[in-house]
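These numbers come from the heavy atoms of this one structure, side chains and all, not from hydrogens, waters or symmetry mates. So you know, we letter chains A, B, ... as the sequences are listed, proteins then strands, and number each from 1.
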Amino acid sequence: MSVFLLVNDSPTQSHYLQLLLQSLGHHVCACNSRDLALERLDALSIDLALVALLTSSSNGFELGVRLRSYGCKRVAIVAKNPRDTDVQWAQALGLLGVLDVPSSIENTKQQLSVLLQA
Amino acid sequence: MNLSDSQDEPASAALQRQLYLLAEVFCVHVEKYSQQRNKHNLIALETKTSSLCQLANFIDNKRLRPFCKEIESYSALLSIRNQDEIVVIKTLLQAGLLLCASLRNPVRGVQEDCLAVAAFDSLRALRGAVTLVPSIRKLAIVVPPSTDFWCCLRRKAKQALNLMEADDSARIFSSVLGCFAQFSGEKIKEHAKSDNVISTLLYIEMRSADSAYVGSQFDSQRSTISGRGIFVGQSRVVLLLVLQHRILALIARCDTISTHCLLDCAQTVRQAMLAIKFLENNSAFKDFLNTLEISRVYLRHLQCWGFQSPDAIQLLFLCLLKIEACCRECFEPRSKTFHKIMKPSQLKARCDKSIHDVRYGHHQCDPIVKRHQKTLSQIFESELIEIDKTLRGHAGASKFGERRVYVDTNVYEALCRLSAGALCMGDLMLYEISWWVQSLYSLAIERRIHLRIDFVNLLPHLVDIAEDTNDERRRLAQRRLVGLLTNVEDATVQARAAHPDGLSIFSEDVVVHAAPSEQLAIFLSENIRELIVYPEKLKGESHQVRQLVIENRRCILELNMLSAGARALNVDRVAALSEALGQVHSALCALPGTINSIDLQALLSPGHQLLRECLNRAAARQHIEDVRGVVAELYQFLETGLPVVATKWRRRGLRQRSRQLVAQLNSSLGTLEALTHTQAMAAIARAQPLLGQLVAEQRSLVQQMQEELDESQRVRFGRVRARLQRFVARQANAMNKPVCLQIRNEALQFRRETIASVIVPLHEVLKMLIVHSVEESSLRRLRSKPKEGVISLVVHNYKGGISLELSDDGQEITSALVRPIEQQLQAMGGDISNAYLPLQGNRLKIRLAD
């Protein structure tokens, strides 16, 4: 079982992802803002941080870099149908990649295992 | 190209014969319709009437023109189906026969009396009897294009016409352009070859058929508009050829399936639909349009869902092949092509099945939605309230008389949330539509297109659909919205064509970017490494930072690469910031001995931090904030903060060391040559040729190095371009005059010292021109001059030195103003001459010999 930090200010998407990750047997810590995410980062030992590409106050790339500088080494972007540039830019910033969700459970499981092993 | 009967007798005679033949065909069709009375005959008759009138008008015969004007009204034959057809057809037939009779004798010409008395009067009577629809050719796009759009296209056409080169093989193009010249009154060269130019012109022509703006522009030249019929006919051929070429290129590229490839396919299909709709909308293109529409829907689905299976790729190929076959069908109608073998209905059935399978598959493998439907619905409803507020706020704020509105990152984010939420909820239709809207919005952000008010007003409908609980009503609303969005999407394509960088609807990528935008973005993502970590590196100790700035050439390289790339991708704010940072870094590297006094962290950190934030925002397709404050500080440093005396010790040292190295290499080569000679003497035959070859290669490399070292003192004039343009912009701002500087031949190389010497008097001259020559906006308007004054600078070689020619379109400059600069130049061994050409402006020439 891994611990996930989920940063997404869309309640529907956040709730869906929580349900999805919990159904896969992971523990999820969800938050909807950057400050809250940084607080949680101090309190918990996070295996993988999943950050939404677009949030109302910032964007996933910016927040991903911030989380990395605060010591979270495994950060991935969450987006539906990511473009090639999204993947490239995430990797250029030192992030693990882009998780394509919502998607089928098998696909999500496979993507998560790749990200956790990276 | 003048085809009036008085000036070009052979061409006119040939066209008169053609006109006569057409008139006979016209009569045959009238008779045929009077006997059979079916829809196909009516359409054929309508086409023939139109062709006849266009040809008659094109000849520009004054006697025929009023007759043709009357008969052209009957191109609206479709609208009179419910009238008393016998009366109509009889009169029309009579008029046509009279026309044939009048043309039968080419020597005698047109029988005026016959036309005036019988045909002309009968046609007028008929016109009064039936009610005609004002315009039979309805515009495919619901929203009329703006004046800016036409201005932009017209400007581009003018530029394109100026760029044409002579080519004997392009006769068809030259004749098409001849028609355009008649239409628009433009002067063009006799022959032209560029496809891009042609399609621009065709595009203008085709759109102008329905544009009130262009109509008003050419009202005074109504007689020259007559070339339109022939022009459109030829434009069809050219556009179909271009389209076929594009589709074949796409089929070749589809081996490597990517999102970029899909985007390209979708764009081409969308443009093709637009182009075909602009052409004569007759039954011959019905299947073609159907195929394009089916492909468009399927491509949209693929873009939205991605490739789910190999079948999807196969089906995409099938769609492209069918479009290509449709193009071929237009040129070879009798061939038994793929187009005839596979009907559009069959293709549609396959596409629909594939789309249905994907949706059904998603439903099947998503148990979470089924299990937690109620909870998710409640959360989504509450989220919809926020989304609704954002979208309605955006639409509401844009109602105060504005025709277009700027993009808003909050709206983009709301659309992303809506599409993601719809997918989480399992509402796949809503997901697809909202994804489509989101991608259009994203396109507008990336291309900096102003959004149409029609599009913005559609956004709240998405929420209405999401909130509606009645399935049937939802489905109807979704269909209606899809129809409206299709129109808006077409209008967006137009806006892209009207972008200053885009020449025409089919040539955007070819002309604007050497590499497609997506590939360029990926290239930048892969190669910008140093800039990403630079803000962190700048936080180190001051001596480390100093070392970092002096030795880190990679940073300058990446900044230069980024500024060029961002400019090509239309991300101007990133380009401006990276250019400024690049110049500051270059200046700091050139002065390694004197940067101890500069607080590098305070100078560079804000810029680099902001640059990375901007890059992240651009990557996330968000709006980039204003960067002018930071850029201004960087330029201010360049102008005032740099140490006055710039020691060149490092550069000199490097050059000296390089020279020593080359001398040593030369010496080593001499030794090697001697050894080779000794070997030859010792008759070591096998190794000798190889050694000789290696020595020769080495010799050429050393020579090349020597030449490069000698050349290193010479630099391109373009190095000072940014500095000069900045100077002009600052002076123009100070005087509140819109002025721009254009530099030509900036690739010419001169000695560093020569450029450094000429730059000061050049500043003086530019300042003088801005202050004393270029008029203020109001005065320029009164004098019918363009709003923006242009100072043109042409660089030439002159006796080993430099010669600069400056010209403007302003008022005369007195010699008293030039004298101080002349004295300054004479002290340096140069001179300046001034001439004023009435209605053209000042011409100044600065010369500085070496």
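Looking at S58(A), only its backbone comes within 4.5 Å of chain B, counting heavy atoms on both sides. Neither the backbone nor the side chain of S377(B) has a heavy atom closer than 4.5 Å to any heavy atom of chain A. Only the side chain of R529(B) comes within contact range of chain A, judged by heavy atoms closer than 4.5 Å. Within the 4.5 angstrom heavy-atom criterion, only side-chain atoms of V65(A), from C-beta onward, approach chain B.
Interface summary for chain B: among D100(A), N59(A), L17(A), D9(A), the most heavy-atom pairs under 4.5 angstrom belong to N59(A). Ranking L53(A), N8(A), T55(A) against chain B, the residue ahead of the rest is T55(A), based on heavy-atom pairs under 4.5 Å.
Checked options I532(B), V533(B), L615(B); the residue passing with L93(A) is I532(B) (criterion: side-chain contact (heavy atoms from CB on, under 4.5 Å)).
Between E613(B) and E62(A), the closest side-chain pair of non-hydrogen atoms falls below 4.5 Å.
Between F61(A) and A620(B), the closest heavy-atom pair is CE1-N, 3.7 Å.
If you take CZ on R66(A) and CG on N616(B), they are separated by 10.5 Å, rounding to the nearest 0.5 Å. The CD1 atom of I379(B) lies 9.5 Å from the OG atom of S10(A); values are rounded to the nearest 0.5 Å. Rounded to the nearest 0.5 Å, atoms CG (L376(B)) and CG (L19(A)) are 6.0 Å apart. The CD atom of Q13(A) sits 13.5 Å away from atom CE of M425(B), with the distance rounded to the nearest 0.5 Å.
Distance alone, capped at 3.5 Å, is enough to place a donor-acceptor pair between the E383(B) side chain and the T12(A) backbone.
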